[in-house]
Amino acid sequence: MEKTVILKNEQETKDFGAELAAGLKPNTVIALTGDLGAGKTTLTKAIARGLGVTETITSPTFTIVQEYESGRMPLFHFDVYRVYDEDELFEIGFEDYFRKGGVCLIEWADLVEDLLPEDTMHITLSYGEEEGERICTIA
């Protein structure tokens with residue numbers, strides 16, 4: 001089942017992320033895709049806030065994963081944009097994170113699609129017609 005949501009501005013993206021977070025359960029994997037600047041990190045920060053994460057969310061581009069433990073369940077934030085070899089992910093225990101009782105949020109997930117669990121929630125962000133508008137497709 002696919003759902004499309006039009007997010008008219010950054011505040012609507014933040015509200016949507018908080019709403020999404022309210023329904024997340026342990027061991028949820030979210031695959032985020034979209035062009036550079038489409039709002040993947042903004043949505044990640046909103047989901048984190050919705051989970052009650054109090055730490056500052058930073059992009060893990062050079063470390064692959066950031067772990068946040070302060071929310072109602074852990075958040076494991078991956079950015080696989082600079083992963084050139086799947087072995088890098090195996091070395092950090094990528095698949096083990098899927099069963100650690102938290103939410104795994106993976107930016108640029110299309111680059112590692114073959115490694116994701118079957119029940120992964122896929123969210124694609126794209127630019128809308130208006131300035132600041134985003135089209136969010138959830139599958």
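Quick note: numbers below take in every heavy atom, side chains included, and nothing from hydrogens, waters or symmetry partners. Computed from a predicted structure; not experimentally measured.
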Show your working on side chain to side chain donor-acceptor pair (under 3.5 Å) between T13 and T42 and close with a plain yes or no.
-> CA-CA 7 Å; T13 301; T42 299; over 6 Å; no
Hydrophobic clusters here meaning ILVMFWY residues chained together by side-chain heavy-atom distances under 4.5 Å, can you tell me if [X] and [Y] are in one?
X	Y	result
Y127	L43	no
L36	V80	yes
I138	V103	yes
V53	I123	yes
L116	Y84	no

If we ignore hydrogens and angles and just use 3.5 Å, is the side chain of [X] paired with the main-chain N or O of [Y] as donor and acceptor?
X	Y	result
T33	A109	no
E12	K8	yes
T44	K40	yes
N27	G101	yes
R134	G128	no

Can you check side chain to side chain contact (heavy atoms under 4.5 Å, CB included) on T137 and K3, steps first, answer last?
-> CA-CA 6 Å; T137 306; K3 176 183 176 182; over 6 Å; no
For atom CD of E113, is the number of surrounding heavy atoms from other residues, nucleotides or ligands below 6.0 Å larger than 12?
->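 Yes - once you tally the heavy atoms of other residues, nucleotides and ligands closer than 6.0 Å, there are more than 12.
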State whether the number of non-hydrogen atoms from other residues, nucleotides or ligands found under 6.0 Å of E2 atom CD is greater than 12.
->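 Enclosed.
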Taking the six-membered ring for Trp, is the centroid-to-centroid distance between F98 and F76 below 6.0 Å?
->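 No.
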What are the two closest heavy atoms between [X] and [Y], and how far apart are they?
X	Y	result
K100	D96	CG-O, 3.4 Å
I64	E88	CD1-OE1, 4.1 Å
I57	A48	CD1-CB, 3.6 Å
F16	C136	CE2-SG, 3.6 Å
T58	Y68	N-OH, 3.1 Å

Could you grab the distance from atom [atom1] of [X] to atom [atom2] of [Y], nearest 0.5 Å is fine?
X	Y	atom1	atom2	result
D15	E10	CG	CD	11.0 Å
L105	T28	CG	OG1	10.5 Å
Q66	D79	CD	CG	10.0 Å
E86	L111	CD	CG	10.0 Å
L24	I30	CG	CD1	4.5 Å
R82	W108	CZ	CH2	10.0 Å

Criterion side chain to side chain contact (heavy atoms under 4.5 Å, CB included) on D87 and L89, from CA distance to verdict = CA-CA 5 Å; D87 287 342; L89 295 174; over 6 Å; no
Is it the case that T41 and E107 place a side-chain donor and acceptor less than 3.5 Å from each other?
->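 On atom types as modelled, these side chains qualify, holding a pair under 3.5 Å.
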Is the shortest heavy-atom distance from the side chain of F78 to the side chain of V83 under 4.5 Å?
->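 Of all side-chain heavy-atom pairs linking V83 with F78, none is under 4.5 Å.
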Candidate pair V65 and H77, rule side chain to side chain contact (heavy atoms under 4.5 Å, CB included), full reasoning = CA-CA 5 Å; V65 64; H77 178 203; 5.8 Å; no
